Structure formats: structure tokens, C-alpha cells
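Below is the structure I would like to discuss, written out as C-alpha cells.
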Amino acid sequence: SYAIGVDIGGTKIAIAIVDKSGKLLEQEVIPTDVDILPENMIHRINESISTIIDHAGIALKEIDGIGIGSPGPLDSKSGIITCPPNLKNWIDVPIVKEIGTYFGLPVTLENDANAAAVAEKWLGAAKECVDFAYVTISTGIGAGFYVDGKLLSGSRGNAGDIGHAVVDPSYGQCSCGQYGCLEYIASGTAIARRGSKIKGKELTTKQIFSLFHEGDEHITTYIHDVFQKIGVACVSIINTLDPEKIVIGGGVSKVGDPLFQAVTDYVRQNALNPAGRRTPVVPATLDQNAGVIGAAALCYNI
Ligand code: ADP
Ligand code: ZN
């Protein structure tokens, strides 16, 4: 049997058929057009799903279901994408009903970070874990938590939004209204914004990290501060949920060792209980397909 995964992002939507071993049989990526009506975009998703099913030569009845990973906020219980900041016209879109009715298949909706957490649990760095946290640091910041062997979904599928946990109000006001959210300090977007200010010119996240690798004094001090704030968030996760492990993925985590070392050191010194201080903080092992594989895995009860 098979599952369909749909990974909705602000710039592209990946759609794939995934088998029970996690193998990706067929995939299509379509651009996200935020200017057209959401129902038209969903129509394109449905067409894409039909195309890959055709290409794979699979019958509809061999497919267990369709899993969707989407930016939040959403309501997984009613199957509605509520109002994601980077999908500007998507207000209260009943995506589960629209895709489910089209194919006559069960459809599951979760936020994208939760879907990626499921993928890391199924095939990645958290395979053996019963309790773990997955944190993604990319354009934005999100997380997914496994508690007692189950994905912590929350009452509406929005659990784990660690990006809007306050870690240092002195950094200024986040788009959500609070001061000093983790996402406002440590996302790729935040690093480009503040790094540019420090250097007095417009720089991309990648350019800031190049300066960091070259040992630029001000940027090095600044980036170490950012890593420490990620450490603050990890300590809160450890103190709250007592996970076996924290897995960090997303573009910014590609900086690698300096980030993992700094976060690990902070955890060693600041987690409340002695066992918690030893919590490993490790890189995610799945690549950019984690989103779509995790979305498909939502049908499999991983
Ligand atoms: P998305 O947010 O679309 O899911 P990514 O997970 O790739 O995409 O995250 C993109 C962010 O990660 C951007 O801010 C990008 O500059 C940053 N990034 C990508 N690669 C690296 C790297 N090697 N080192 C540091 N930052 C990176
Ligand atoms: Zn915020």
C-alpha cells in the first residue's frame, strides 16, 4: 500500500507517492501561486496527485490516504488552513474536504514542522526515540514534539510553535506582537535583518554566515549570541517535556558544528535536572524531502 504526501510551502508545493518503507516513488513540485484563489491552487494539487498516481501505475484503491503538511495556523480537527502569513489569501480554506471529496480518500492535515518531525521519527535522527523534539530553523522557526511515542498535535494541530516562544525581549517586537520571539532572533530572515544592520549594508543570511566562517569579529559575537538564544529555547523544551533528544533541521542548521556545539554547551550548563543537561542535540538526517515524506507518513500512524 501507498500514501500520498503533500508539502505546502510559501514558494512551492511538493507532492509525492511514498511506499510503506518510506521510498519516494513519484514526485511533482509545483510553484505556489499566492495570487490565485486557494481553490484554484487546490485544483492544481489535485491534478498533480492524479498525474503522479497515473505515472506510478497505481490504482486508487492501493492508496491508504493523503497527508498534508502545511504552514500554520491551521485547524487539523476541522481540516482547515486558517491564515498562514506566507499564504496570504488562504483564509479558512477547507483543504481536507476539497482534496478528500475529489479522491474519496482519507486526508490528514498537520502543520509542516510536525510533519517533518514525523519523518525524522520514521526514517531519520529520531528513529529510536519515544520522546523527542524536532526544531526547524529556516526562513521561520517551528517544532514538532513526540511525547510518549506519539506526535503532540495539540487541540487544533498547532502544538510546537516554538518560533513564538519569548527568549529575549530586548531584541524587539516580532510580527506576532510579542517581544523577543525565538523566530524574531534566530530565523534565517532575522539573521539577515540584524546582521545587515550590524554591518551597515544589505546582506543575505548566506553572506552573514560567510562572514561568520571568515571570523568577522562583530558577526561572530552576534552569531554566538543567536546560537545561545537557540540554547535558551532548547533548555525550555528540555525542562518542559524531558525529551531523550533534540533534533535540529532547516537551512540555518546547515551551519553545522558551531551551532550544535554552542547549543549543547548551553544545555549542559542550564537545563534544570542533571539528566536533562546531557540531552543530545543533533542534526536532522533527512534532506529537503523530509516535508513530503512526513506528510505521507501522517497516513501511517508513525
Ligand atoms: P525554507 O524556509 O523555504 O524551508 P530552508 O530550510 O532551506 O528553506 O531555510 C532557508 C534559510 O536557511 C535561509 O535563510 C537560508 O539563507 C538559510 N541557509 C541555507 N543554507 C544555509 C547554510 N549552509 N548555512 C546557514 N544558513 C543557511
Ligand atoms: Zn512572535
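All of these numbers come straight from a predicted model, not from anything done at the bench. As the structure lists them, so they are numbered: ligands from 1, and atoms in each ligand from 1.
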Checklist entry - Does Arg194 make a cation-pi contact with Tyr184 (under 6.0 Å, within 45 degrees of the axis)? => result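 Judged by the rule, Arg194 and Tyr184 form no cation-pi pair.
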
Checklist entry - Can you list the ligand 1 atoms lying under 4.0 Å from a non-hydrogen atom of Phe209? => result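 Those of ligand 1 that fall under 4.0 Å from Phe209 are 25 (C), 26 (N).
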
Item to check | Apex the Zn ion (ligand 2); atoms Cys181 SG and Cys176 SG; angle rounded to 10 degrees | outcome: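 Angle SG(Cys181)-the Zn ion (ligand 2)-SG(Cys176): 100°, rounded to 10°.
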
Next on the checklist: With respect to Gly140, determine whether any N or O atom, backbone or side chain, lies less than 3.5 Å from an N or O atom of ligand 1.
Outcome noted: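 No, there is no polar N/O contact under 3.5 Å.
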
Item to check | Under 4.0 Å to a heavy atom of Thr205 - the qualifying atoms of ligand 1, by number | outcome: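 The atoms of ligand 1 under 4.0 Å from a heavy atom of Thr205 are 14 (O), 16 (O).
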
Checklist entry - Parallel, tilted or perpendicular: which fits the ring planes of Tyr102 and His43, with parallel below 30° and perpendicular above 60°? => result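 Rings of Tyr102 and His43: perpendicular, as their planes differ by over 60°.
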
Checklist entry - Are the aromatic rings of His218 and Phe212 close, with centres under 6.0 Å apart? => result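 For His218 and Phe212, the ring centres are not under 6.0 Å apart.
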
Next on the checklist: Using modelled atom types and a 3.5 Å cut-off, is there a donor and acceptor pairing between side-chain atoms of Gln173 and backbone atoms of Gln178?
Outcome noted: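 Not confirmed, Gln173 side chain does not pair with Gln178 backbone.
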
Checklist entry - How far is atom 24 (N) of ligand 1 from its nearest protein heavy atom, and which residue and atom name does that atom have? => result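 Protein heavy atom at minimum distance: Val255 N, 3.8 Å.
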
Next on the checklist: Could you check whether any side-chain N or O of Glu183 sits under 3.5 Å from a backbone N or O of Ile141, counting only pairs where one atom can act as donor and the other as acceptor?
Outcome noted: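 Confirmed, Glu183 side chain pairs with Ile141 backbone.
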
Next on the checklist: Looking at non-hydrogen atoms alone, which of Ser210, Ala116, Ala113, Ser138 comes nearest to atom 11 (C) of ligand 1?
Outcome noted: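 It is Ser138 that holds the nearest heavy atom.
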
Checklist entry - Can you list the ligand 1 atoms lying under 4.0 Å from a non-hydrogen atom of Lys254? => result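 Result: 22 (C), 23 (N).
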
Next on the checklist: Of all the N, O or S atoms in His164, which has the shortest distance to the Zn ion (ligand 2)?
Outcome noted: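 When I compare the N, O and S atoms of His164, ND1 is nearest to the Zn ion (ligand 2).
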
Next on the checklist: Please identify which of these residues, Ser153, Ser70, Ser76, meets the side-chain hydrogen bond (donor to acceptor under 3.5 Å, both in side chains) condition with Glu110.
Outcome noted: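 Testing Glu110 for a side-chain hydrogen bond (donor to acceptor under 3.5 Å, both in side chains) against Ser153, Ser70, Ser76 leaves exactly one candidate, Ser153.
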
Checklist entry - Gly250 near ligand 1, heavy-atom distance under 4.0 Å? => result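 A heavy atom of Gly250 does come that close to ligand 1.
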
Checklist entry - Would Ile58 and Ile293 show up in the same hydrophobic cluster when neighbours are defined by side-chain heavy atoms closer than 4.5 Å? => result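 Different hydrophobic clusters.
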
Next on the checklist: Taking distance alone, with N or O pairs closer than 3.5 Å, would you say Thr139 contacts ligand 1?
Outcome noted: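 N/O-N/O distance under 3.5 Å: yes.
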
Checklist entry - Quick one: which ligand 1 atoms are inside 4.0 Å of a heavy atom on Gly188? => result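 Those of ligand 1 that fall under 4.0 Å from Gly188 are 14 (O).
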
Item to check | Distance from atom 7 (O) of ligand 1 to nearest protein heavy atom, with residue and atom | outcome: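 Ranked first by proximity to atom 7 (O) of ligand 1 is Gly251 CA, 3.8 Å.
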
Item to check | Euclidean distance, Lys150 NZ relative to Asp131 CG, rounded to 0.5 Å | outcome: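 The NZ atom of Lys150 is 11.5 Å from CG of Asp131, to the nearest 0.5 Å.
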
